[in-house]
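On a predicted model such as this, the values are computed, not experimentally measured, just so you know.
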Amino acid sequence: VQQCMSGGLWDAGAGITVGGKHIANWLIGQVRNELQTEEKMLEYAREIGANEKDVLEAFRLVPAMSPEKFSQIAQFLYTLSNQLSVTAYQNVHQARVIKQMKSSKEALQASEAKYQHIVEHIPQKIFIKDLDGYYLSCNKSFAEDFGLSPEDIIGQDDYKIFSKEEAEGYREEDKSIISKGNSQEFELKRITDDVEKWFRKTKVPISQGKIITGILGIYEDITKRKLAENEIKESERKLRDTLDATPFPVAVVDLKDDKIFYWSKSALKLFGHIGQTAAEWYQMAYPDPEYQAEVIERWKPFLEEASQSGKPVNTGEYRITCKDGSEKICQIYATFLPDNLIVTFNDITEQKLLENELKEYHENLEALVKDRTTELEAKNKEMETFTYSVSHDLKAPLRGIDGYSRLLEEEYGEKLDEEGLLFLKNVRQSTIQMNQLIEDLLLYSRLERRDIQPVTMDLQSMIDNLISQRAH
């Protein structure tokens, strides 16, 4: 409250705040007291050049009161303005809160509707239980598995829905989850209408702060996955049986960690030991460090080839040390599959022994043939010498027989009768044949030094000639 500096009237003002923030001013005025007279106002009008009549009429409209009373009225109006400010702020704030609550409620309702829609349409089966095992809610999918509706299940416990044995098992699961305070997973099998189904059940504790208030359960139908797993297991079993039945040892290596997760039975039978990792197998199969390093280096390019081609690659022959200290010579084949390496061993130990024996036999045979050839050549030389000597020795008496028979025919042919001449003719013919045989014998002895010259033979003429000779 203060006096106007110009006219001398009294004014009052108050600041208006909302929520502690100044937003406006409230001005009150003006009033006059007994000290302000019409003469002073006329004097003031003349000072400022205002119309004296208008100023006087306005002065007469200003209420007159004491400064104390005006101060009380100003204080009351100030209090009233503050109260109105607070009330207005509270009303605005309350309107905002109500609006926010309405928006939150609508958002919550929308979220609940969305959640309920999701819960009712997801393939998983969902339920919520309280700490005593009573169902507080469940989706339609869960209830339909038992031929019920959610309304039939809510408010019931497991003993009303399942057999006593199943219900007691589920109750023990719930107690374990409540006591431990962590989620757990289970697999269970159900047979409905002679149809086998598998489920994966997850139970999660529901908490408010640190206090567990219930259990959330989620069932997922894993029948297709189980059937696929069983098919894979059956396929793996058949594959293992097939590999175990083959005479060729087989190892399968996991390329992620170099672990050998499969050895065929024939491998243990052949080698007597098997390794669980590639490094362990190298130590067993190739105990000599130098040979082991050589094997590893030989393997590298073949593995690269097998990896790029995707086809079996023959990596060569290797000496593998068995448990009893003996060695097996094997051809090793490498085949790459996704994440796996298949190694096949072909035992060629006996084959290599036979090859060595055959090689040794061939070497001995060559020496034997050489010795026999030398011996034969010597014998042929001896036979040639002998044949030549025999032929030379036989020709001398043969020439005598031929000469004397020819003289006998010439000198005494006329004295011989027909039969005597025939005998003499046969003697002469026989000496000719004998001479031909000796010449043939000499020719035969020289065959070793002559090239073979094929000629055409008239076998029929030869046969007729022989028959003719024998007839005489």
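Counting heavy atoms of neighbouring residues, nucleotides and ligands inside a 6.0 Å radius, atom NZ of Lys201 exceeds 12 of them. Atom CG of Leu337 is surrounded by more than 12 heavy atoms from other residues, nucleotides or ligands within 6.0 Å. Counting heavy-atom neighbours within 6.0 Å of Glu410 CD, excluding the residue itself, gives a total above 12. The local environment of CD in Glu363 is crowded, with over 12 non-hydrogen atoms from other residues, nucleotides or ligands closer than 6.0 Å. The environment of CD in Glu350 is sparse: at most 12 heavy-atom neighbours from other residues, nucleotides or ligands sit within 6.0 Å. Crowding of Tyr134 atom OH: a count of heavy atoms from other residues, nucleotides or ligands under 6.0 Å not exceeding 12. Within 6.0 Å of CD on Glu360 lie no more than 12 heavy atoms contributed by other residues, nucleotides or ligands.
For Phe162 and Phe146, the distance between ring centers is under 6.0 angstrom. Here Phe271 and Phe345 bring their ring centres to under 6.0 angstrom of each other.
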task = For Phe199 and Asp145, run side chain to side chain contact (heavy atoms under 4.5 Å, CB included): C-alpha distance rounded to whole Å, both residues' side-chain angles, the deciding distance at 0.1 Å, then the answer.
result = CA-CA 12 Å; Phe199 297 90; Asp145 268 8; 3.7 Å; yes
task = Check the pair Ile206 / Ile128 against side chain to side chain contact (heavy atoms under 4.5 Å, CB included), numbers first and verdict last.
result = CA-CA 9 Å; Ile206 302 174; Ile128 297 176; 3.7 Å; yes
key: Verdict with supporting geometry, Tyr170 and Leu188, side chain to side chain contact (heavy atoms under 4.5 Å, CB included)   = CA-CA 11 Å; Tyr170 298 153; Leu188 65 140; 3.8 Å; yes
task = Any chance you could lay out the salt bridge (Lys or Arg N to Asp or Glu O under 4.0 Å) test for Lys352 and Glu355, step after step, and finish with the verdict?
result = CA-CA 5 Å; Lys352 297 300 288 186; Glu355 287 178 359; 3.4 Å; yes
task = Show your working on salt bridge (Lys or Arg N to Asp or Glu O under 4.0 Å) between Glu220 and Arg225 and close with a plain yes or no.
result = CA-CA 11 Å; Glu220 182 181 0; Arg225 193 196 76 187; over 6 Å; no
inquiry  = Checking Glu375 against Asp371 for the side chain to side chain contact (heavy atoms under 4.5 Å, CB included) test, could you report, in this order, the C-alpha distance in whole Å, the side-chain angles of both residues, the deciding distance, and whether it holds?
reply    = CA-CA 6 Å; Glu375 183 180 348; Asp371 293 342; over 6 Å; no
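Interatomic distance, OG1 of Thr431 versus CG of Asn426, reported as 10.5 Å (0.5 Å rounding). Atom-to-atom distance recorded for Tyr219:OH and Lys197:NZ is 14.0 Å, nearest 0.5 angstrom. The CG atom of Leu270 sits 7.5 Å away from the CD1 atom of Ile320 when rounded to the nearest 0.5 Å. Note: Asn346 CG to Gln351 CD = 7.5 Å, rounded to the nearest 0.5 Å. To the nearest 0.5 Å, atom CZ of residue Arg319 and atom CG of residue Asp288 are 8.0 Å apart. Taken from NZ in Lys129 to CG in Leu136, the straight-line distance is 10.5 Å, to the nearest 0.5 Å.
With no hydrogens or angles considered, a side-chain donor-acceptor pair links Asp152 and Ser149 at under 3.5 Å. Side chain to side chain, Asn139 and Ser141 fail the donor-acceptor criterion of an N or O pair below 3.5 Å.
Side chains of Lys224 and Trp198 form no contact here, defined as non-hydrogen atoms less than 4.5 Å apart.
Listed for the Arg298 side chain is a donor-acceptor partner under 3.5 Å among the backbone atoms of Glu317. With Ser326 contributing its side chain and Cys322 its backbone, the two residues share no donor-acceptor pair below 3.5 Å. Under the 3.5 Å distance criterion, the side-chain polar atoms of Thr213 are left unmatched by any main-chain donor or acceptor of Gln208. Put simply, the side chain of Thr242 gets close to the backbone of Lys238: a donor and an acceptor are under 3.5 Å apart. A donor-acceptor contact shorter than 3.5 Å is absent between the side chain of Trp263 and the backbone of Pro249. In this structure, the side chain of Ser183 does not engage the main chain of Lys203 through any donor-acceptor pair within 3.5 Å. Without hydrogens or angle criteria, Thr374 side chain to Lys370 main chain gives a donor-acceptor distance under 3.5 Å. The backbone N or O of Lys226 lies less than 3.5 Å from a partner atom in the side chain of Asn230, making a donor-acceptor pair. Judged by distance alone, with hydrogens and angles left aside, the side-chain atoms of Asp258 form no donor-acceptor pair with the main-chain N or O of Ala278 at under 3.5 Å. A donor-acceptor pair is defined here as one N or O able to donate and one able to accept, closer than 3.5 Å; no such pair exists between the side chain of Thr344 and the backbone of Val250.
The aromatic rings of Tyr286 and Tyr291 sit perpendicular, their planes meeting at an angle over 60°, well past the 30° parallel limit. Ring geometry for Tyr135 against Phe142 counts as tilted: the plane angle lies between 30° and 60°, on a 0 to 90° scale. Ring geometry for Tyr318 against Trp299 counts as tilted: the plane angle lies between 30° and 60°, on a 0 to 90° scale.
In terms of heavy atoms, Ala334 sits closest to Leu303 at CB-CD2, 4.1 Å. Between Ile260 and Trp281, the shortest heavy-atom distance links the atoms CD1-CB, 4.1 Å.
Of the candidates Asp464, Asp458, Asn465, Ser461 forms a side-chain hydrogen bond (donor to acceptor under 3.5 Å, both in side chains) with just one, namely Asp458.
Taking the charged nitrogens against the carboxylate oxygens, Lys233 and Glu229 have no contact shorter than 4.0 Å, which rules out a salt bridge. Using a cut-off of 4.0 Å between Lys/Arg side-chain N and Asp/Glu carboxylate O, Arg171 and Asp157 are scored as not salt-bridged.
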